[in-house]
S.K.: 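Below is the structure I would like to discuss, written out as structure tokens.
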Amino acid sequence: MSKTRSKLPEGAVVNEIKLNEKFIVQQGIDLATFGGLPFDLRILMHKPEERWQISGWLARVAKKGQIVTNHIRGAKAMPLDHVLKDNSHLNSTDLMIKLGDLAHQISQALGSYFDLRILALDMAVDKNGKLWFIEMNSDPMFRKMFKEIGNKEMVANVIHIRNYIIKKYKYTKSKKKVK
């Protein structure tokens, strides 16, 4: 019988695992913080024609008392540049350039294996400024998070490009236009 805990003490080792189940073990990342709270990044990528483009990006700051940055768990979406600038020991301009380059490289690589035109990359910056790729979402939820940061131009751009792709390519990941 396996034991499940919502929070394991620091340094804890999992002693029992169900051997007939498959698991993905993800390395822990000492995330950079904003106001003392860990954050990660959501980068929305679109490929309306032949090239990938960044349509929007933001930071997801964990809710107080949480270590996860899931929006469903109470994380707050914030403008990426604002959150990065809070880490004065990191070069926010350099990080944003590197994030953009890495997002394009990852999108290009994934797009060469899968028929993708819309995706979200979840990434992170650790306390030392190292960039991490966490996961890709091929049918990302985005409206609530992007509206939360208050950049109406970015939201309009994201929706316009997404609807263009759906119409032009009859993209099957999403069944309807977003309003």
Side-chain angles (χ1 to χ4, degrees), residues 2-14 17-18 21-46 52 54-87 90 92 95-96 98-100 102-103 106-107 109-110 114 116-152 154-155 157-159 161-162 173-176 178-179:
S2 74
K3 296 179 182 178
T4 304
R5 295 185 198 176
S6 60
K7 278 189 175 180
L8 292 173
E10 188 173 336
V13 177
V14 177
I17 297 176
K18 292 181 180 179
E21 293 185 27
K22 293 182 181 181
F23 295 88
I24 296 175
V25 178
Q26 188 174 4
Q27 177 178 338
I29 302 169
D30 193 12
L31 295 174
T33 60
F34 176 77
L37 302 170
F39 70 88
D40 72 1
L41 317 167
R42 164 70 50 106
I43 303 175
L44 193 58
M45 302 292 293
H46 286 113
W52 285 99
I54 296 173
S55 300
W57 53 12
L58 53 79
R60 297 180 299 191
V61 180
K63 182 179 176 181
K64 188 174 182 176
Q66 294 281 326
I67 60 168
V68 294
T69 55
N70 305 47
H71 206 248
I72 292 171
R73 296 272 183 122
K76 180 178 171 78
M78 298 192 69
L80 178 59
D81 59 338
H82 179 70
V83 171
L84 289 177
K85 286 177 184 171
D86 189 59
N87 288 269
L90 303 176
S92 61
L95 274 175
M96 290 182 75
K98 287 178 180 177
L99 274 167
L102 186 56
I106 292 168
S107 299
L110 291 169
F114 306 102
L116 298 169
R117 292 209 168 261
I118 299 170
L119 58 88
L121 303 174
D122 290 344
M123 301 179 72
V125 178
D126 69 20
K127 289 185 177 182
N128 296 316
K130 182 177 177 181
L131 301 177
W132 297 81
F133 171 54
I134 299 170
E135 70 177 352
M136 178 271 293
N137 299 286
S138 61
D139 192 17
M141 297 178 69
F142 65 90
R143 283 181 291 172
K144 185 175 181 182
M145 280 188 285
F146 280 90
K147 285 181 179 178
E148 195 174 301
I149 65 171
N151 185 333
K152 291 179 182 181
M154 185 187 296
V155 172
N157 183 51
V158 166
I159 291 170
I161 294 170
R162 186 170 190 271
K173 287 288 180 189
S174 300
K175 305 285 188 226
K176 60 182 180 180
V178 177
K179 296 181 181 179

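Only this structure's heavy atoms are used, side chains among them; waters, hydrogens and symmetry mates stay out.
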S.K.: Say you draw a straight line from CZ of Phe39 to CG of Leu80; how long is it, rounded to the nearest 0.5 Å?
M.R.: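 One finds 7.5 Å between CZ of Phe39 and CG of Leu80.
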S.K.: What I'd like to find out is whether the side chain of Leu121 reaches to under 4.5 Å of the side chain of Ser107, using heavy atoms alone.
M.R.: yes
S.K.: Determine whether His46 and Val158 make a side-chain contact, defined as any pair of heavy atoms from C-beta on separated by less than 4.5 Å.
M.R.: yes
S.K.: Rounded to the nearest 0.5 Å, what separation is found between the CG atom of Leu84 and the CG atom of Leu99?
M.R.: 7.0 Å
S.K.: Measuring only between side-chain heavy atoms, which start at C-beta, is Lys127 closer than 4.5 Å to Thr33?
M.R.: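 With C-beta onward as the side chain, the pair touches.
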S.K.: Could you pull out the closest heavy-atom pair between Leu131 and Lys98, with the gap in Å?
M.R.: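 So the two residues come closest at CD1-CB, 3.7 Å.
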S.K.: Apply side chain to side chain contact (heavy atoms under 4.5 Å, CB included) to residues Met123 and Ile106 and explain how you reach the verdict.
M.R.: CA-CA 11 Å; Met123 301 179 72; Ile106 292 168; 4.1 Å; yes
S.K.: Identify the heavy atoms of Ser55 and Asn157 that sit nearest to each other, and give their distance.
M.R.: O-ND2, 3.6 Å
S.K.: Output the distance between atom CD1 (Ile67) and atom CZ (Arg73), rounded to the nearest 0.5 Å.
M.R.: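 Ile67 CD1 to Arg73 CZ: 9.5 Å, rounded to 0.5 Å.
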S.K.: Would you say Pro140 and Ile118 make side-chain contact, with heavy atoms under 4.5 Å?
M.R.: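 SC-SC contact between Pro140 and Ile118 confirmed.
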S.K.: Between Arg42 and Asn137, is any pair of side-chain heavy atoms under 4.5 Å apart?
M.R.: yes
S.K.: Decide yes or no on side chain to side chain contact (heavy atoms under 4.5 Å, CB included) for Lys130 and Val125, but give the supporting numbers first.
M.R.: CA-CA 6 Å; Lys130 182 177 177 181; Val125 178; over 6 Å; no
S.K.: Do Leu116 and Trp52 have side chains that approach each other closer than 4.5 Å (heavy atoms only, starting at C-beta)?
M.R.: yes
S.K.: Rounded to the nearest 0.5 Å, how far apart are CD1 of Ile159 and CZ of Phe146?
M.R.: 10.5 Å
S.K.: Keeping Asp126 on the side-chain end and Asn128 on the backbone end, is there a donor-acceptor pair under 3.5 Å?
M.R.: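 Indeed, once roles are kept as given, a pair shorter than 3.5 Å links the two residues.
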S.K.: To the nearest 0.5 angstrom, please state how far the CG atom of Asp40 sits from the CH2 atom of Trp132.
M.R.: 13.5 Å
S.K.: If I compare all heavy atoms of Ala120 with all of Leu44, which pair ends up nearest, and what's the gap?
M.R.: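 So the minimum-distance heavy-atom pair works out to CB-CD1, 4.1 Å.
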S.K.: State, with a plain yes or no, whether a side-chain heavy atom of Met154 is found less than 4.5 Å away from one of Ile149.
M.R.: yes
S.K.: To the closest 0.5 Å, what do you measure between CG (Asp81) and OG (Ser92)?
M.R.: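 Atom-to-atom, Asp81:CG and Ser92:OG are 7.5 Å apart.
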S.K.: Does the side chain of Leu58 come within less than 4.5 Å of Leu41's, by heavy atoms?
M.R.: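 No; the side chains remain at least 4.5 Å from each other.
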